[in-house]
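Nothing here was measured: the structure is a model prediction, and the numbers come from that model. All residue numbers refer to positions in the sequence shown, counting from 1.
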Amino acid sequence: MNTTFLKLRPHYAAYAVLAVSALLAGCATKSIAPNVPATSSPATEPFIQIDTPEQVALKARIALQDRLYRVAAPLLVNNTELCRNNARKLLGFTAKNKYSYGTEFLDAAERSFGLGERLRILAVLSGGSAAQAGLKPGDILLNVEDKAMPQGPNAERVAAALLGPMVNSRSTVRITLQRGSETIPINVALTPACAYNIELGNADNVNAYSDGARVMVTRGMMNFARSDAELAYVIAREMAHAALGHPGRLRMSATLGGIIDNLIRIRPDLSVIGGTSGVKPFTQDVDAAADTLSLYLLARAGYEIDSAPRFWQRLATQYPATVLNGYTAIHPSTGYRLSVMEQIITDVKAKKSSNQKLIP
């Protein structure tokens, strides 16, 4: 699933969607099939339908993405002031159809999540205007401003082309939904948010990247983060690199973009992540600037920041710079970064206690 939150990116022909809570139910590996007679079991025992490997893989992937989106949501919606010129309006919900995950997962998407030809809402931004307007997971998109929403394999791409001008020129949009047998018209105000797409990297190395427009966190990093707050530390730090223009300034946008393009695929080429993948180590001043801004992003989003230094120390200890495909290899100045973080945490607390604005 691409991490997009129904907004149009100027450089990527896809939705920008952001799921913000683990709303997709039914992720157990077994389900009961009704009205199917048992053949070799007593009549009182239900028929057990075992998930296919594709269903198991898709459910695991979507569960990780749900966590990623949920943790990223408050960082995106509470920091438009600090995202510099990279904030846009969002519709505030995730919509997918059965083609959204590739041909390999067509059957799994249909069986496990009820996805078909039409775009269906999978999650709604908690606290956003779409949620306040009454949109719910499971709703099917029929029309937006009386324009029929596309169906089929290219539905997301075509919808992006239709919705882009609407989002840019309006403060509200009129959406027609199908909910069960009902057809429901709803007016939805657009939600301002930082415009970074949050992506899941399908690799087990412990890393995260930003190319200036996207933030990608690998499966390995997500598994390393013990709590939502720890995952938020990673997302906020890569958002800070993007907001400060570091990928472009260091002339690494193309390199980092290529890594993200590869790892967000269902089947990425893992042979190219054996080293640093061409990413040069960030200097300590660049990393310290990202740490500073990230702590403000976190505090404004409601995350506790006291444990951030301990998290980065643990990461550097378990995955030191000698692990070339790990995070510390491209962010090696751990000692300097920790000293900066301790000072910034003190500054942020002082500002909060005196009711000052949380701006670096």
Any sub-3.5 Å donor-acceptor pair from Ser210's side-chain atoms to Gly212's backbone N or O?
yes
Taking 4.0 angstrom as the limit, do Asp139 and Arg120 come out as a salt bridge?
no
Atom pair CD1/CG of Ile175 and Asp146 - distance to nearest 0.5 Å:
12.0 Å
Minimal heavy-atom distance between Ser354 and Gln356, with the atoms involved, is OG-NE2, 2.9 Å
Determine yes or no for a side-chain-to-main-chain donor-acceptor pair under 3.5 angstrom, with Asn79 supplying the side chain and Leu297 the backbone.
yes
Could Asp261 and Arg214 be called an ion pair, given the rule that one side-chain N must be under 4.0 Å from one carboxylate O?
yes
Ring centroid separation Tyr319 to Phe224 under 6.0 Å
yes
Thinking salt bridges, do Arg70 and Asp228 make one under a 4.0 Å N-O criterion?
yes
If you compare all heavy atoms of Ala229 against all heavy atoms of Tyr303, which two are closest, and at what distance to 0.1 Å?
CA-CD2, 4.1 Å
Scanning both residues in full, the closest heavy-atom pair of Ala240 with Ala290 reads CB-O, 3.3 Å
Is it true that a side-chain atom of Asn143 and a backbone atom of Thr176 form a donor plus acceptor pair closer than 3.5 Å?
no
Output yes when a side-chain donor or acceptor of Glu238 lies under 3.5 Å from a complementary backbone atom of Ile235, and no otherwise.
no
Can you name the residues that form a salt bridge (Lys or Arg N to Asp or Glu O under 4.0 Å) with Arg314, not counting sequence neighbours?
Glu230
When you measure from the side chain of Ser100 to the backbone of Lys96, do you find a donor-acceptor pair of N or O atoms at a distance under 3.5 Å?
no
Mind checking whether Val188 and Arg174 have side chains closer than 4.5 Å, heavy atoms only?
no
Let's go through Gln284 and Val340 carefully: what are the C-alpha distance in whole Å and the side-chain angles of both, what is the deciding distance for side-chain contact (heavy atoms from CB on, under 4.5 Å) to 0.1 Å, and is it a yes or a no?
CA-CA 10 Å; Gln284 67 176 23; Val340 170; over 6 Å; no
Determine all donor-acceptor pairs shorter than 3.5 Å in which one atom belongs to a side chain in residues 343-351; sequence neighbours excluded.
from, atom 1, to, atom 2, distance (Å)
Gln343, NE2, Asp347, OD1, 2.9
Thr346, OG1, Glu342, O, 3.1
Lys349, NZ, Asp306, OD1, 2.9
Lys349, NZ, Asp306, OD2, 3.1
Lys351, NZ, Tyr296, OH, 3.1
Lys351, NZ, Ile359, O, 2.6

Any non-hydrogen side-chain atom of Leu75 less than 4.5 Å from a side-chain atom of Met239?
yes
Under the ring-ring contact (aromatic ring centres under 6.0 Å, His included) definition, can you give me all pairs with a residue in residues 330-359, not counting sequence neighbours?
His241-His331, Phe282-His331, Tyr327-His331
What are the two closest non-hydrogen atoms of Thr328 and Pro320, and how far apart are they?
CB-C, 3.9 Å
Min side-chain heavy-atom separation Leu200-Met222 under 4.5 Å:
yes
With side chains defined as the heavy atoms from C-beta onward, is the minimum distance between Ile140 and Arg179 less than 4.5 Å?
no
Under the side-chain contact (heavy atoms from CB on, under 4.5 Å) criterion, do Val124 and Lys136 qualify, and how do the steps go?
CA-CA 7 Å; Val124 182; Lys136 297 180 180 180; 5.7 Å; no
Nonpolar side-chain network containing Tyr99, other nodes, edges under 4.5 Å:
Leu106
Asn97 backbone acceptor or donor facing Arg118 side chain under 3.5 Å:
no
For Thr218 and Met221, indicate whether the former's side chain and the latter's backbone hold a donor-acceptor pair under 3.5 Å.
yes
Any chance the side chains of Tyr209 and Asn207 put a donor and an acceptor closer than 3.5 Å?
yes
Does the side chain of Pro192 come within less than 4.5 Å of Lys89's, by heavy atoms?
no
So Leu177 and Leu141, side-chain contact (heavy atoms from CB on, under 4.5 Å) or not? Walk me through it.
CA-CA 5 Å; Leu177 306 168; Leu141 292 178; 3.7 Å; yes
Strictly distance-based, threshold 3.5 Å: is any side-chain N or O of Thr172 a donor or acceptor partner for the main-chain N or O of Asn187?
no
Can you tell me if Gln178 and Thr183 form a side-chain donor-acceptor pair at under 3.5 Å?
no
Decide whether Val206 and Leu324 are clustered together by the hydrophobic rule: side chain heavy atoms of Ile, Leu, Val, Met, Phe, Trp, Tyr closer than 4.5 Å, transitively.
no
In Å and rounded to the nearest 0.5 Å, what is the CE to CG distance from Met216 to Leu263?
4.5 Å
Can you confirm whether Arg111 sits close enough to Asp51 that some side-chain heavy atom of one is under 4.5 Å from a side-chain heavy atom of the other?
no
Side chain of Asn78, backbone of Pro74: donor and acceptor closer than 3.5 Å?
yes
Selection residues 170-191 - residue pairs positive for ring-ring contact (aromatic ring centres under 6.0 Å, His included), sequence neighbours left out:
none
Set out, in order, the CA-CA distance, both residues' side-chain angles and the distance that settles side-chain contact (heavy atoms from CB on, under 4.5 Å) for Glu145 and Arg170, then state yes or no.
CA-CA 11 Å; Glu145 291 294 333; Arg170 300 170 186 265; 3.5 Å; yes
Non-hydrogen side-chain atoms of Ser129 and Leu190 separated by less than 4.5 Å:
no
Verify same cluster id: Ile186, Leu142 (apolar side-chain graph, 4.5 Å):
no
Measuring from atom CG of Leu122 to atom CD1 of Ile62, what distance do you get when rounded to the nearest 0.5 angstrom?
7.0 Å
Rounded to the nearest 0.5 Å, what's the gap from CG on Leu231 to CG on Asn223? Could you check?
10.5 Å
Could you state the interatomic distance from CD (Glu104) to CD (Glu54), rounded to the nearest 0.5 Å?
6.0 Å
Any Leu135 side-chain heavy atom under 4.5 Å of Ile121 side chain
yes
Looking at Asp211 and Ser253, would you say the former's side chain and the latter's main chain have a donor-acceptor pair under 3.5 Å?
no
CG of Leu293 to CG of Leu244, rounded to nearest 0.5 Å, is 5.0 Å
Please name the pair of heavy atoms, one in Met166 and one in Lys147, separated by the smallest distance, quoted to 0.1 Å.
CE-CD, 3.3 Å
Taking only residues two or more places apart in sequence or in another chain, which ones pass side-chain hydrogen bond (donor to acceptor under 3.5 Å, both in side chains) with Asp204?
Arg219
Charged N-O contact under 4.0 Å between Asp287 and Arg237
yes
Could you tell me if Thr334 and Gln313 have a donor-acceptor pair between their side chains, going purely by distance under 3.5 Å?
no
Of all heavy-atom pairs linking Glu199 and Ile264, the shortest is CB-CG2, 3.7 Å
